[in-house]
Structures are given as structure tokens and as C-alpha cells.
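Quick note on labels: first sequence line is chain A, next is B, and so on, each numbered from 1. Keep in mind that what you see is a predicted model, and the values were worked out from it rather than measured.
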Amino acid sequence: MSEPTVPLAHQFEEPAQQQEAATLGMWIFLATEVLLFGGLFLAYIVYRDQAPQAFAAASGKTMLVAGTINTAVLLVSSYFVANAVHLTTLGRRKVVVVLLLAAVLLAAVFLVIKGFEYHHKIEEGLFPGMNFHFPGGQARGAQMFFVLYFTMTGLHALHVAVGAAILAVCAGKVLLSPDPARLATMVDVSGLYWHFVDIVWVFLFPLFYLISHRS
Amino acid sequence: MNSFALQAAPQTGASELDYLTEQRTISSWLFTTDHKRVGILYMLTITLFFLIGGIAATLMRLELATPAGDLMSSPTYNKLFTVHGVMMVWFFLIPSIPNVLGNFLIPLMIGARDVAFPRLNIASWYIFVCGGAFALYAILSGGVDTGWTFYTPYSSTYANGHVIAMAVGILIAGFSSIATGLNFIVTIHKMRAPGMTWFRLPLFIWSMYTTSLILVLATPVLAITLILVSLERGFGVGIFDPALGGDPVLFQHLFWFYSHPAVYIMILPGMGVISELIACFARKRIFGYRFVAFASVAIAVFGFLVWGHHMFVSSQSVYAGMIFSILSFLVSIPSAIKVFNWTATLYKGSIRFDTPMLYALGFIGLFTVGGLTGLFLASLAMDVHLTDTYFIIAHFHYIMVGGMVMAYLGGLHFWWPKISGRHYPEILARLSALTIFLGFNLTFFPQFVLGVLGMPRRYHTYPDEFQLLNVLSSAGASILAVGYVLPLLYLLWSLRHGKRAEPNPWGATGLEWIAPSPPPRDNFSTVPIVTEDPYAYNAQAAEAEIRKEEGVHV
Amino acid sequence: MNPTKQNAWTLLVLFVLLAGTVGVAYVDLGRWNTVIAMLISVMKAALIVLVFMKLRHSGRLVALAFFAGLFWLAILISLTLGDFFSRS
Amino acid sequence: MKILLTGTWEFPSASEMAPQMDALFMGLLVISSLVAFAVAGFIVVFGIRYRRGSTADRTPGHGSTMPIEIAWTAVPLAIFVALFVWAAVLYFQMARPPANSVEVHVVAKQWMWKVQHPGGRREINELHVPLGRPVVLVMISQDVIHSFYVPAFRIKQDVLPGRYTRQWFIPNRIGRYHLFCAEYCGTDHSRMIGTVTVMQPPEYARWQETGDVGTSMAAVGRGLFMSRGCSGCHSVRSAISAPLLDGVYGKPVALSDGATVIADEGYIRDSILLPNKQIAAGYSPVMPTFQGQLGEEEVAQLIAYIRSLTAKPETSP
Ligand code: HEA
Ligand code: HEA
Ligand code: CUA
Ligand SMILES: [Cu+2]
């Protein structure tokens with residue numbers, strides 16, 4: 001870690017201080033993200049408690065296969081990024097670039113699948129507010145389910161897109177840097193963000209896709 | 001005078017250029033990453049927003065001078081108090097001390113060259129300005145009439161005007177708060193000079209640290225709440241509107257989960273400033289330093305547990321109400337500790353009544369009144385009668401205007417020589433501090449009475465019997481306005497004509513006072529090393545010195 | 001163990017957990033379905049945080065920052081639900 | 001000027017709760033004033049005594065500051081707990097209406113109060129109540145949140161859309177008092193005001209008979225029950241399997257998801273407007289929603305009718 005070549009910004013005294021500051025900053029930022037999504041999770045609990053059956057019925061309309069694939073996609077991408085972070089410290093430029101770009105590609109796959117699901121929902125008349133209809137008399141609760149579904153997965157998808165952009169920038173910088181090991185902190189911190197995006201999905205997945213898929 | 005207990009070479013500034021003169025172009029300001037310049041940029045912006053909020057207040061008070069709604073229509077009045085609340089809370093008071101004095105002082109006080117993330121710092125200002133632009137757009141293109149609390153389903157379904165633009169503006173300003181809070185936390189953790197241990201930090205730093213904690217942990221919830229309101233309003237999807245399957249009380253929980261802690265964002269920084277001022281002008285080490293420091297932490301943490309006291313008549317469960325009520329009482333204990341410790345600091349001091357000290361003493365009195373009336377509101381049954389009346393308005397103006405704005409002005413005067421390198425005219429300054437104190441009390445004390453008598457807030461017209469008190473309040477407001485305009489004028493005047501300031505005009509302790517006035521870009525030529533506790537004041541020595549001077553004169 | 005190997009093992013376990021959570025959804029356990037699903041999610045999240053995000057090696061302060069986020073979320077949720085669930 | 005001066009300080013107290021509230025207020029006021037004046041007093045005394053250049057003794061004290069810190073933490077704490085208990089007990093009382101109350105229905109809408117008495121008389125922005133009898137207001141809003149506030153009674157309660165809230169009082173002084181909407185509700189919030197008139201019970205009884213009297217709320221509800229087709233299903237002769245509503249009110253109802261709820265106003269209102277929210281056990285969810293077809297007042301009348309089917313001995317009027 002202690003590469004003497006890391007450029008030191010004028011406000012810092014030593015590289016370790018700079019690196020710790022960046023890491024701490026990112027973790028605090030992630031704490032704020034927890035609370036950003038947290039408000040939505042609270043709404044989810046309150047409304048699911050008010051209409052448990054409607055939520056179960058509505059959950060039946062989500063695409064379990066697509067959701068499962070997407071979960072796997074994000075997990076694998078996280079794995080790539082974790083490796084990329086480690087290998088950056090070793091200065092392994094080529095592998096790192098490949099891993100980061102693979103993660104970006106997986107992010108794109110995720111978004112495409114998500115887009116496909118959205119499209120399907122809208123076709124089916126399950127987009128709230130746009131002549132929403134839901135059979136079986138549970139329309140009210142089901143609509144709330146889909147309000148939360150679109151808001152929460154939408155906000156998450158936004159994070160995926162931002163995260164992918166950050167990873168792409170990292171890949172570019174690593175590629176062009178004469179000494180990739182210098183970029184360890186940057187890749188590390190970007191990776192933290194990416195893993196967090198993954199974690200959010202780990203919770204969204206069962207809450208939306210797995211309420212009722214009983215055979 | 002006071003020894004600084006520093007092992008660094010004396011900081012020389014004579015040959016260096018200071019942060020103001022180092023570069024003079026506009027673009028050097030717009031692209032600056034210097035924490036001091038960012039502080040100045042914030043100062044200019046929030047002054048603008050304060051004036052907008054103040055003009056709205058002036059118009060409201062004019063309207064309320066008569067019971068009939070004769071000066072303006074009720075939609076206009078409703079838009080005015082919304083503009084007033086939004087501007088004053090999010091665009092003036094929340095960023096006031098943190099972003100102006102905090103930005104300027106934190107690195108200086110902890111002996112750093114800058115904050116941890118200077119580029120994030122200037123970015124937060126741009127984000128803030130961007131949020132302000134949205135809010136101004138919402139105001140100019142017809143206004144918003146929801147009140148600063150945006151209660152659903154009114155805001156999401158029934159309100160007039162550009163609610164979404166306003167919400168987005170506040171949301172964006174919120175991200176600027178988050179950036180600032182994050183920056184301060186990391187700075188205070190990682191950038192302290194050698195020897196600057198936690199218990200050697202000035203209490204201002206403790207208060208900024210705890211404020212940042214709230215900024216970072218509460219603001220995201222406001223962000224998501226405003227997003228949901230905007231979605232409901234924009235797309236007609238039901239989230240909070242019961243007609244669409246939502247629950248309006250959930251909105252109130254989310255909103256107050258942010259907004260109650262936010263009121264502590266609007267007082268903790270003020271408390272920090274007051275601790276500095278009291279110690280300096282009483283020439284005494286602050287009484288119970290650790291208690292005051294931990295009181296800040298306690299307020300920040302326990303402040304998150306009491307939000308339901310805004311919802312005692314909202315149909316919240318009786319049991320939840322009881323929990324929130326007792327916790328509201330408990331969170332008042334640390335404030336009590338602070339008030340008592342400040343008062344005790346005066347004991348056996350050598351007290352000077354310079355302008356900043358006048359503000360500080362005014363703060364203690366008015367904050368105490370505001371806080372004590374908060375206890376009325378935390379008392380469950382009492383709040384049933386008092387909620388949504390002018391008693392509430394008086395309660396929070398006593399704390400926010402009588403407390404925080406006083407502290408901001410006091411701090412501004414105290415550090416003005418450091419910030420600008422100039423002295424302000426002392427007599428005029430004392431006079432306006434007095435004007436503000438008198439005007440303030442005349443404006444807001446009658447409102448307590450109005451509230452007890454039952455006058456509801458957000459009323460454009462009111463029954464005749466409330467007129468006398470309203471007239472008094474409006475009269476007070478005009479005195480208050482004069483009191484605010486004066487500092488604006490003489491501080492500007494002093495930039496050019498004020499006496500030049502030496503590095504430490506007050507004989508204060510603290511690292512910021514060993515840097516030249518104004519400080520150079522990197523604050524310290526050599527990093528200071530701290531070996532002693534803060535507030536190394538000595539009242540006896542100060543008195544002895546006076547005796548010596550007098551002896552010379554005789 | 002070297003980090004890349006550790007990451008690989010972690011991924012494997014994550015996949016097993018994923019399969020588990022989907023599988024359990026096909027068994028009707030009443031309200032336990034949700035409980036189990038959430039437990040599995042917490043396990044997955046913990047793995048990601050501890051291994052991929054290296055929280056184990058990041059020091060107390062960093063851990064504190066992250067747990068502050070979780071703790072405050074717990075405050076938000078528990079006190080709000082306290083109201084909703086105690087209404088008569 | 002006359003307007004300015006007359007009546008400014010008049011502050012009527014017209015309910016049994018009011019004196020208790022005023023006592024609480026005085027208690028808070030006395031304690032707060034003592035504290036505030038003590039703090040201010042110390043500041044003034046220290047400010048004079050230890051002003052710069054005064055000859056007061058400034059030798060630093062010795063000993064620990066711990067005892068005094070503990071003292072000024074513990075004493076307020078004790079006071080706070082006492083205040084909390086005092087106010088909480090009162091609040092709890094305010095949340096529990098006595099059983100024998102007159103029940104008055106209030107519907108709030110932008111920007112008026114519509115009141116309906118059990119006897120059928122309706123009024124707008126007025127509320128007439130009998131002296132000395134407990135009155136419960138059962139309130140609901142048709143649009144946004146309002147708040148029903150009568151300063152002379154020291155009571156206030158938000159009125160929500162989609163859910164009933166209630167508050168009660170025992171008026172104990174004849175007179176006319178302000179009624180305010182206290183929750184901001186839009187343009188004419190400040191004009192959503194009215195008067196509460198407290199009358200002698202006989203006078204109140206007479207008043208109920210005159211003016212805009214319809215038949216009693218329950219009787220109107222009965223008419224609606226027939227004309228809106230409820231009776232088509234909810235009757236012994238019906239071909240559809242729907243629960244008979246006699247005696248439902250106030251009783252526990254088993255739901256299809258296994259839960260049990262008490263059939264109060266809120267439940268019955270939901271059954272009419274959101275029939276699929278909770279399904280009575282053993283029935284299929286075939287009841288259509290009446291959302292958009294029935295206003296809140298009509299729903300209140302239907303509820304009054306369904307309540308009247310629960311043949312409980314009515315308390316004497
Ligand atoms: C900076 C802002 C600020 C601060 C610091 C506070 C501090 C407090 N506030 Fe206030 N409050 C607001 C701003 C603030 N408030 C605003 C803006 C609103 C209205 C929002 C809206 O609806 O628009 C509001 C509304 C509000 C309500 C809701 C009223 C309602 O709408 O029904 C309540 C209820 O409990 C309350 C209570 C308190 C309490 C108990 C404190 C305590 O923290 C105060 C603690 C301080 C002291 C108590 C004084 C010092 C103590 C002593 C000297 C000790 C000794 C005392 C004794 C032994 C008795 N406040
Ligand atoms: C946070 C800080 C803050 C500050 C500093 C103030 C400052 C003032 N406020 Fe406050 N106020 C709030 C926060 C604040 N307010 C909030 C949150 C609300 C609730 C809103 C809601 O209900 O949604 C509120 C509501 C509120 C009301 C109640 C409205 C209602 O419910 O109907 C009133 C009424 O008197 C009022 C008055 C004032 C006055 C007279 C000042 C004065 O201190 C202002 C004095 C300042 C100036 C006058 C500007 C400087 C002078 C000039 C620029 C001179 C030139 C201008 C002219 C000649 C016009 N405010
Ligand atoms: Cu109705 Cu305010
Ligand atoms: Cu509060």
C-alpha cells in the first residue's frame with residue numbers, strides 16, 4: 001500500500017491520512033444511502049402490513065426468473081470488482097481493466113433485464129396511475145405494491161447506472177495510468193459503492209419477487 | 001497576554017499574501033477550493049436568501065396588522081409564509097453557521113490547511129446554489145402554498161403552484177448539506193494537528209461535529225420523502241393520499257424524522273459559537289468543558305428519538321405520544337446542562353461587554369425562554385391546546401431567531417476581524433445588537449400570548465380581539481428589520497474603512513488567532529503542535545494586567 | 001487465504017444462499033417465509049460487507065460509520081412502527 | 001381603537017377539561033418563570049459583579065465540579081418526569097370519551113365544517129351542544145387534513161381523510177365560542193372558522209327539533225340502505241351470501257385471513273368504501289365498492305343505521 005508515488009493533495013500531511021480520509025468518506029456516504037433507501041423500506045413495511053394479501057397477489061406478477069438472474073448478475077459483478085480492487089494494489093493493469101469492464105457489462109445486462117421487466121409490467125397495465133388494473137379485487141393494495149416496486153427498483157437502477165459509470169471511469173484511468181497501483185484508493189472506494197448497490201438488491205429481491213411463489 | 005502553548009514557530013504573515021488578496025479575479029473565487037473562500041461564498045448566498053425570507057416576513061407582518069385580509073389575498077399570504085419558512089430554514093439557517101463560520105473556522109481551529117475534500121466543498125456550494133435556483137424559480141413562477149412542512153395530501157394533491165420545483169430545490173440543497181456534513185466529519189477525524197486530541201478541541205468543533213452527524217443521518221430521509229411527494233404529485237400514484245391508498249401520517253413520520261433533528265442542526269452550531277464567546281469575554285475556561293461537549297453529542301443522538309412530539313394531535317397512537325413526550329423532556333436535559341455551564345462560566349470571570357458578548361448573553365436568555373416553552377409543547381395535554389397556534393411560532397422564533405440568528409451575528413462579529421482583516425465600528429454594533437434584542441422581544445413575545453388565547457397559525461385573517469397583540473408584534477418586526485439592516489451596512493462599510501485588525505484583537509485563545517488576519521491560503525506556515533487544553537484564559541491575570549495599565553495612567 | 005480465493009469462496013456461498021432463498025419461497029411456511037428470506041438476505045449482505053468490502057480490516061471508525069447508518073435506520077423504523085402498531 | 005382594547009384579554013374557559021389544562025399551564029409557567037428568572041438573575045449579578053475592572057474576588061475555587069454538574073442534571077430531570085406524568089395523565093383522559101356521550105358527526109372539507117346531530121339536524125360552521133353532557137365528535141375529512149379546534153374547551157384534534165378521529169368534551173358554560181381550523185388546509189384555511197354554542201339541555205332538545213331537521217341520522221341511513229341496494233344482498237331474502245348486519249356493530253368479526261377485528265365505525269366505513277380490504281370469514285369478496293358514489297356524510301348515516309340495528313339499550317337522551 002505504501003507506494004511513495006501516490007500524489008498527495010496539499011491539505012494532507014501523509015498518504016495514509018489521505019487514503020483513510022477517502023475510505024471513511026465513502027463509508028459515511030454509504031450510511032446516508034442506507035437512510036435514503038431506508039425511508040422506502042419503512043413505507044414498504046407499513047403498507048405491506050396493511051394489505052398483506054394484496055402484496056402477495058401482486059408479487060405473483062413479478063418475473064421470478066428475471067429477478068433471480070439479475071441477483072446472480074449483480075453478485076458476480078461484485079465478485080469481479082472485489083478482485084479488481086485487490087489486483088489494483090498489485091498493479092496488474094490488464095486484469096483490472098478486464099474485470100472492471102466485465103462488471104460494467106454485467107451492470108448493463110442487469111439494466112436491460114430490468115428494462116424488459118418494466119416494459120412488460122407497463123404492457124400488462126401494472127404501472128400505477130396509468131390505467132392501472134389488477135384482477136381479483138385487490139387493486140388498491142396491489143397498486144401500492146407496484147408504486148413501491150417501481151420507486152424502489154427504479155431508485156436502485158439509477159444507482160446501478162451511476163455505479164457502472166464510476167467503474168467505467170476507473171477502468172479508463174487504470175488503463176491510462178503509468179502506475180495503476182497509485183489508483184488503489186480510487187478503485188477501492190468506487191468498489192465500495194458498487195458492493196453497496198449489490199446489497200440493496202439483495203434485500204429488494206425477496207421483498208418483491210418472493211412473497212408468493214408457492215407451488 | 002495569553003500563552004498559546006504552541007511549539008510552532010510564530011506564524012508570520014507580513015510578507016505573505018492573505019487568502020483574499022492572493023488572487024483577485026472573479027474566476028479565482030468561482031473555482032476556489034479554499035475553505036475560507038467557500039465560506040465567504042456561502043455568506044453572500046445565504047444573506048440573499050435571508051433577505052428574501054425577511055421581506056416575506058415583513059409583508060406578512062404588515063398584513064397581520066389588521067384583522068381583515070385587506071392587504072393581499074389569502075393565496076398570496078399562504079405563499080408568503082411558505083417562502084418565508086422554506087428560505088429561512090433550508091436556505092438560511094441550516095447553512096448559516098455551519099457553512100459560513102464552520103467552513104471558515106474548522107480547519108483553522110484544528111490546525112489544518114484545508115478541509116479533507118476541498119473540491120467536494122466547493123461542489124457543495126454549487127449544489128446549494130442550484131437548489132436555491134430551483135426554489136427561486138418556484139417562487140417567481142407563481143409560488144407554492146404548502147407551508148414549509150409540505151403536509152400530504154395537501155401538498156401532493158390539492159396545493160397550488162410549483163410544489164415539485166420547490167421540493168426538488170430543497171432536495172438538492174439537502175445533498176449540499178450531506179456533502180458538507182460528510183466533509184466536516186472526515187476533516188475533524190483525520191485532519192487535526194498533532195497534539196489536538198478530542199478533549200483539546202474547541203467546543204465549536206464539537207458542535208460542528210455533532211451537527212454534521214445530524215446532517216448526514218437525517219437529510220437522506222428528507223430527500224426520499226420529498227421524492228415520494230413529488231412522485232405522488234407528478235404521476236398521481238398513491239403513496240400518502242388516502243384516496244389513493246396511502247397514509248398521510250406516514251408522511252408526517254418521515255418528515256419529522258428529519259425535521260426534528262434538523263431543528264438541532266439549527267441550534268447546535270449556535271451553542272458552539274456561544275461557548276467560544278462566553279469563554280473569551282469572561283476570560284475564563286469554560287465551566288464543565290466535558291459536560292458541554294458531551295451534551296452536544298447527547299442532543300445529536302437523542303434528538304433523533306423525539307420527532308413524534310409534532311404529531312400529538314395527528315391521530316398518532318396515544319402510547320407512541322407518551323414515548324415521544326418523555327423523550328422530548330429527556331433531550332432537554334443536555335440543553336439545560338449547557339445553559340447552566342455557560343452561566344457558571346461567568347462566575348469569577350473578568351467580563352467584557354463587547355458586541356459579540358452582547359449577542360452571547362442575549363442568546364442565553366432567549367434560548368432559555370424558547371427552550372422552556374418547548375417544554376410546554378412536549379407536555380402532551382398542553383400541546384393539544386397550543387399546537388398549531390402562535391405559541392408554536394413564538395417558541396421556535398425564540399430559539400431560531402433569538403438563539404441561532406443571534407449566535408450567527410455574534411460569531412460573525414467575533415471572527416469578522418479574522419475573516420475580513422478589519423474592525424467594525426463598535427458603538428454602532430452594540431447599538432444594533434440592542435435594537436435587535438428589543439425588536440425581537442416586541443415581535444415575538446406577544447405571539448406567546450396570542451397562542452395561549454388560541455390564535456391559530458397560518459391565518460391570513462383573524463378575529464378582532466387579537467388585533468392589539470398583532471399590532472405590537474408588527475411594530476416589533478419593523479424595529480427588528482432596522483436592527484438587521486444596520487450590521488449589513490456597517491460590516492460592508494468596514495471592509496473598506498474599518499481599522500485594520502491585528503491577528504488576535506480579542507486576546508483569545510485558539511489556533512485561528514495565531515494565524516494572521518486575514519489568514520494566508522494555507523492558514524499556517526508551519527503546522528502548529530498543540531500541548532494544552534483549550535480556553536487557557538485566566539481572569540486573575542487579565543485583571544492584574546488592567547491594574548498595571550491603570551497604574552501607568554495614574 | 002489469498003484475497004482472490006476468498007472472494008471466490010464467498011461468491012460460491014452467495015450463490016448457495018440465493019438458491020436457498022428462491023427454493024424456500026416454494027415451500028409455504030406462512031409468515032416464516034418472510035422471516036427466512038430476510039435472514040438469508042442479512043447473511044448475504046453480511047458476507048458482502050465483510051469480505052468484498054473488507055469491513056473486517058477497515059478499522060473501528062469505518063465500522064462505526066456504517067453501523068451508525070443501520071442503527072439510525074432501526075430508530076426510524078422501530079419508532080414509526082411503534083405508532084402504527086399501537087393504534088387502537 | 002375600541003375594537004383594539006375590548007375583549008383582548010378575555011379568555012373563556014367553557015369545558016370541564018379547561019380548568020385542569022389551565023392548572024397544568026400555570027404549573028409550567030411558574031416553573032419556567034422561576035428557571036428563566038434565576039438564569040437571567042445570575043447573568044445580571046455575575047455581569048455586574050465580575051465586570052472587567054471590578055474588584056471582586058476572583059481566586060479560582062478548588063474541588064470537584066462534579067457534584068454541581070450532577071445536581072443541575074438531576075433536579076431538572078426530576079421536574080421533567082413530574083411534568084411529563086402530569087400532562088400525560090391528562091392527555092390519556094382526553095383520549096377516552098365517557099360511554100354515555102352524545103355523538104356528533106363532523107365532516108370537514110375545504111373550507112367548511114359540516115355537522116350532523118344524531119337527531120338528524122345539520123348545520124354548517126356551527127356546532128350546538130347541550131350544557132353539562134359529554135359530547136363526542138366523530139370526525140372525518142373529505143379532502144385534506146384539517147383540525148377541529150375550540151380554544152375555550154382547550155381541545156384540538158386533526159381531522160384526517162380516510163379515517164375517523166374523535167375527541168370529546170363536557171361543556172360547562174353557556175355561551176358562543178370560536179371554532180377554528182388549526183391545520184393548514186389551503187387557500188381559505190383562515191376562513192374555515194365557526195361558532196360553538198353551548199345551550200341549556202332543554203333548549204338544545206328544542207333546538208334539535210327546529211330548523212333544518214331531517215329524520216334522524218339512522219333513519220336517513222335506513223333509506224340509503226334500501227335505495228343504494230345494500231338490502232339487496234344484506235337481507236334474509238337475498239340470493240347472494242352476504243352477512244346480516246344486525247348486531248354487527250361493536251362485535252368482533254372474524255376475517256378471512258384469520259385475524260379478528262372489532263366492527264367499529266372505521267371498519268364499517270372500510271367495508272363500504274374499500275370492501276376488499278378486509279373480507280369477513282366465510283364470504284366471497286363480491287361486495288362492490290361504493291367509493292365515489294357515497295359521500296362521507298352518507299357513509300356516516302349508513303353507519304348510524306347499522307349501529308341502530310345493534311339493539312343495545314340506548315342511554316336516555
Ligand atoms: C432551533 C430550533 C428548535 C429547537 C432547538 C427546539 C427545541 C425544542 N423544542 Fe421545538 N420546534 C421548533 C424548533 C426548535 N425547537 C420548530 C421550528 C417547531 C415547529 C415546526 C412547525 O410545526 O412548523 C417546533 C415545535 C415543537 C413542538 C411541536 C409543537 C406542535 O407543533 O404541536 C414541540 C413539542 O414537544 C417542541 C418541543 C421542543 C423541546 C422540548 C425542545 C428542547 O430541545 C428545548 C430544550 C431547552 C430548554 C428546556 C431550555 C434550557 C433549559 C433550562 C434552563 C433548564 C431548566 C428547566 C427546568 C428545570 C424546567 N418544539
Ligand atoms: C429559520 C429562521 C426564521 C427566521 C430568521 C424568521 C424570521 C422572522 N419571522 Fe418567521 N418563520 C419561520 C422561520 C424563521 N422566521 C418558519 C419556519 C415559519 C413557519 C412557516 C410555516 O408556517 O410554514 C415562520 C413563520 C412566521 C410567522 C407565522 C406566519 C403564519 O403562521 O401565518 C410569522 C408571523 O409573524 C413570522 C415572522 C417572522 C419575523 C418578523 C422574522 C424576522 O426576524 C425577520 C426580520 C428580517 C428582515 C425584516 C430582513 C432584513 C431587513 C431588510 C431586508 C429590510 C428591507 C426590507 C424591507 C423594508 C421589506 N414567521
Ligand atoms: Cu381546514 Cu385549515
Ligand atoms: Cu421537534
Highest number of heavy-atom pairs under 4.5 Å with chain A: which of C/Ala37, C/Ala45, C/Gly59?
-> C/Ala45
Donor-acceptor contact below 3.5 Å, side chain [X] vs main chain [Y]:
{"X": "A/Thr62", "Y": "A/Leu64", "value": "no"}
{"X": "A/Ser77", "Y": "A/Leu74", "value": "yes"}
{"X": "C/Asn33", "Y": "C/Val27", "value": "yes"}
{"X": "A/Thr89", "Y": "A/Ala184", "value": "no"}
{"X": "A/Thr71", "Y": "A/Gly67", "value": "yes"}
{"X": "A/Glu117", "Y": "A/Ala66", "value": "no"}
{"X": "A/Ser190", "Y": "A/Leu167", "value": "no"}
{"X": "A/Arg93", "Y": "A/Ala181", "value": "no"}

Taking side chain as everything from C-beta outward and backbone as N, CA, C, O, which of these in [X] sits under 4.5 Å from a heavy atom of chain A? Side chain, backbone, both or neither.
{"X": "C/Ala68", "result": "neither"}
{"X": "C/Phe85", "result": "side chain"}
{"X": "C/Leu18", "result": "side chain"}
{"X": "C/Phe84", "result": "side chain"}
{"X": "C/Thr4", "result": "both"}
{"X": "C/Val24", "result": "neither"}
{"X": "C/Ala63", "result": "neither"}
{"X": "C/Leu14", "result": "both"}

So, A/Ser59 versus A/Tyr149: side-chain donor-acceptor pair below 3.5 Å or not?
-> no
Indicate yes or no: at least one non-hydrogen side-chain atom of A/Ile211 is less than 4.5 angstrom from one of A/Phe145.
-> yes
Decide yes or no for A/Phe80 and A/Leu100: does some side-chain heavy atom of the first lie under 4.5 Å from some side-chain heavy atom of the second?
-> no
Heavy-atom contacts under 4.5 Å, residues 26-34 of chain A to chain C |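 Contacts with chain C: A/Trp27, A/Ile28, A/Leu30, A/Ala31, A/Val34.
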How many angstroms lie between CG in C/Leu64 and CZ in C/Phe71, if you round to the nearest 0.5 Å?
-> 11.0 Å
How far does CG of C/Leu50 sit from NE2 of C/His57, to the nearest 0.5 angstrom?
-> 9.5 Å
Which atoms of [X] come close to chain C, meaning under 4.5 Å heavy atom to heavy atom: side chain ones, backbone ones, both, or neither?
{"X": "A/His195", "value": "both"}
{"X": "A/Phe37", "value": "neither"}
{"X": "A/Leu192", "value": "both"}
{"X": "A/Val85", "value": "side chain"}

When only pairs under 4.5 Å are counted, which of A/Thr23, A/Leu207, A/Val46, A/Val200 shares the most heavy-atom pairs with chain C?
-> A/Val46
